[in-house]
Amino acid sequence: MTAKAVGRAAALLRQGELVAFPTETVYGLGADAANPAAVAKIFVAKDRPADHPLIVHLPGDGHLDKWAREIPDVAFELAEAFWPGPLTLILKRGPNVWDVVTGGQDTVGLRVPGHPMALELLREFNGGIAAPSANRFGRISPTTAQHVHDELGDAVSMVLDGGPCRVGIESTILDLSGAQPTILRPGVIGREAIAQVLGAMPAQGAGATAPRVSGSLAAHYAPRTPVALMPGDGLLIALRNALAAGEKIAVLSCLGAPLEHERVVWRRAPTDSAGFAHDLYLNLRELDALGCARIIIQRPPQTAAWRAIMDRLERAAAGSG
Ligand code: TXA
Ligand code: MG
């Protein structure tokens with residue numbers, strides 16, 4: 001069953017169609033990275049600005065030199081340590097990579113995803129699949145096949161269903177094209193783990209001010225409902241104020257509900273960072289659908305394990321002004 005669906009997906013990709021597929025992080029909206037007309041369809045389906053570069057997904061690190069040039073040794077060491085897995089490497093682009101993939105930049109983002117169905121598709125296709133997260137531009141990334149249908153509807157020829165994504169937030173992006181390895185987007189593979197391979201701490205990118213990483217626009221990953229990020233004690237005060245103002249409020253917190261109220265939807269999140277990340281986009285999506293005046297999220301601990309989650313939460317809140 002799966003093999004048949006994967007075979008059909010690979011055939012559609014060869015015909016220049018879009019196929020959504022599961023990765024371990026989030027679902028991707030894929031096109032044949034060697035076919036510029038196919039890649040252009042991604043931008044239409046997502047309403048995404050054309051200068052935003054895409055990640056090219058590869059079947060293995062043996063394909064790296066087809067897409068990148070002047071590849072530093074550390075790229076292969078990182079590939080050995082973390083691929084297949086949630087790490088994207090930014091390298092100098094190879095001579096045959098289309099502008100529509102890289103947004104006209106001299107670099108290209110590459111990763112080998114750690115999901116069996118994605119790998120099966122990539123091996124069957126035997127080439128690079130350009131794929132952003134399979135959501136409309138600026139919205140929450142999908143972590144189930146149903147989310148992809150909800151986001152993109154008929155804009156995609158086929159959605160491969162590989163179940164809920166294991167990680168739940170997007171890959172770590174590490175730029176190896178400059179003088180110093182630099183993290184452009186935090187993910188579950190943290191600075192410390194990367195430093196173990198590099199032998200030195202990678203630099204931290206400019207984050208919210210870096211123009212070229214769409215995930216680093218301040219208002220990315222935003223639900224339509226305004227999001228407020230609160231420490232535990234502030235949360236209760238904000239909640240009482242909102243209730244006094246007659247509002248219906250959604251709360252996402254690692255703690256149990258301290259009060260019950262017909263206008264409060266209290267969603268309890270996992271207390272461990274991996275569990276929290278796994279459920280995060282599903283939680284935001286479901287809370288967003290309730291028509292509440294506000295989603296109040298309890299601020300997680302300020303530790304390394306929560307860095308990538310904090311990044312996503314701050315962006316969700318930044319969209320709410
Ligand atoms: O986990 C992931 O990375 C998921 C799955 C589907 O692989 N993909 C994903 O793609 O999050 P997307 O397009 O939503 O985010 C990719 C990010 C964008 O912010 C883009 O700007 C950045 O990667 N990027 C891609 N190529 C780049 C490049 N050459 N230089 C700098 N940033 C780049
Ligand atoms: Mg995205």
Side-chain angles (χ1 to χ4, degrees), residues 13 16 18-19 21 23 25-26 28-43 46 48-114 118-119 121-122 125-134 137 170-187 189 194 198 202-203 205-206 210-217:
L13 288 171
L18 301 183
V19 170
F21 62 97
T23 81
T25 59
V26 301
L29 177 61
D32 177 357
N35 177 346
V39 175
K41 291 182 184 173
I42 290 176
F43 292 88
K46 277 189 64 116
R48 176 160 157 142
D51 61 347
H52 281 264
L54 303 172
I55 295 171
V56 177
H57 298 70
L58 302 175
D61 62 358
H63 285 246
L64 270 179
D65 58 4
K66 291 193 187 114
W67 297 91
R69 65 175 208 279
E70 299 168 37
I71 305 169
D73 289 342
V74 291
F76 292 101
E77 288 160 22
L78 288 161
E80 176 71 29
F82 297 116
W83 282 354
L87 176 68
T88 296
L89 299 179
I90 306 294
L91 298 168
K92 289 192 178 146
R93 86 195 248 191
N96 302 319
V97 184
W98 295 98
D99 273 343
V100 66
V101 171
T102 67
Q105 300 185 67
D106 193 36
T107 55
V108 61
L110 301 166
R111 94 176 183 98
V112 179
L119 285 171
L121 176 65
L122 284 158
F125 182 67
N126 195 29
I129 301 178
S133 51
F137 182 67
E170 303 82 353
S171 61
T172 306
I173 300 182
L174 182 69
D175 186 355
L176 295 178
S177 71
Q180 203 193 349
T182 302
I183 292 183
L184 301 183
R185 179 174 72 184
I189 294 178
I194 289 170
L198 294 178
R212 292 239 173 75
V213 182
S214 70
S216 68
L217 291 176

Shortest non-hydrogen contact from [X] toward [Y]:
X    : Y    : value
V101 : A33  : CG2-O, 3.6 Å
P59  : G127 : CD-O, 3.6 Å
G109 : I90  : CA-CD1, 3.6 Å
T25  : S171 : CG2-N, 3.8 Å
G30  : I42  : C-CD1, 4.4 Å
A79  : D61  : CB-OD2, 3.7 Å

The test is side chain to side chain contact (heavy atoms under 4.5 Å, CB included); show your working for L13 and N35 and say whether it passes.
CA-CA 9 Å; L13 288 171; N35 177 346; over 6 Å; no
Apply the test side chain to side chain contact (heavy atoms under 4.5 Å, CB included) to residues H63 and N126: give CA-CA distance (whole Å), side-chain angles for both, the deciding distance (0.1 Å), then the verdict.
CA-CA 9 Å; H63 285 246; N126 195 29; 3.6 Å; yes
Side chain to side chain contact (heavy atoms under 4.5 Å, CB included) for L64 and W83? Distances and angles first, verdict last.
CA-CA 12 Å; L64 270 179; W83 282 354; 4.0 Å; yes
By the definition ring-ring contact (aromatic ring centres under 6.0 Å, His included), identify the one residue from W67, F21, F125 that meets it with H57.
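Result for ring-ring contact (aromatic ring centres under 6.0 Å, His included) with H57: F21.
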Roughly how far, to the nearest 0.5 Å, is [atom2] of [Y] from [atom1] of [X]?
X    : Y    : atom1 : atom2 : answer
L54  : I129 : CG    : CD1   : 12.5 Å
I194 : L87  : CD1   : CG    : 5.5 Å
I55  : T102 : CD1   : OG1   : 13.5 Å
E170 : T23  : CD    : OG1   : 9.0 Å
D65  : F76  : CG    : CZ    : 6.5 Å
Q105 : D99  : CD    : CG    : 10.0 Å

Would V56 and L58 count as a side chain to side chain contact (heavy atoms under 4.5 Å, CB included) here? Give the steps.
CA-CA 6 Å; V56 177; L58 302 175; 3.8 Å; yes
I'd like to know if the side chain of [X] reaches the main chain of [Y], judged simply by a donor and an acceptor atom lying under 3.5 Å from each other, with no hydrogens or angles considered.
X    : Y    : answer
S177 : D175 : no
K41  : G16  : yes
K46  : S133 : yes

With side chains defined as the heavy atoms from C-beta onward, is the minimum distance between [X] and [Y] less than 4.5 Å?
X    : Y    : answer
L176 : I71  : no
L174 : P202 : yes
P113 : L122 : yes
L78  : L198 : yes

Are more than 12 heavy atoms, taken from residues, nucleotides or ligands other than D106, located less than 6.0 Å from that residue's CG atom?
yes
Please check if any side-chain donor atom of T88 sits under 3.5 Å from a side-chain acceptor atom of R185, or the reverse.
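Absent: no donor and acceptor within the cut-off.
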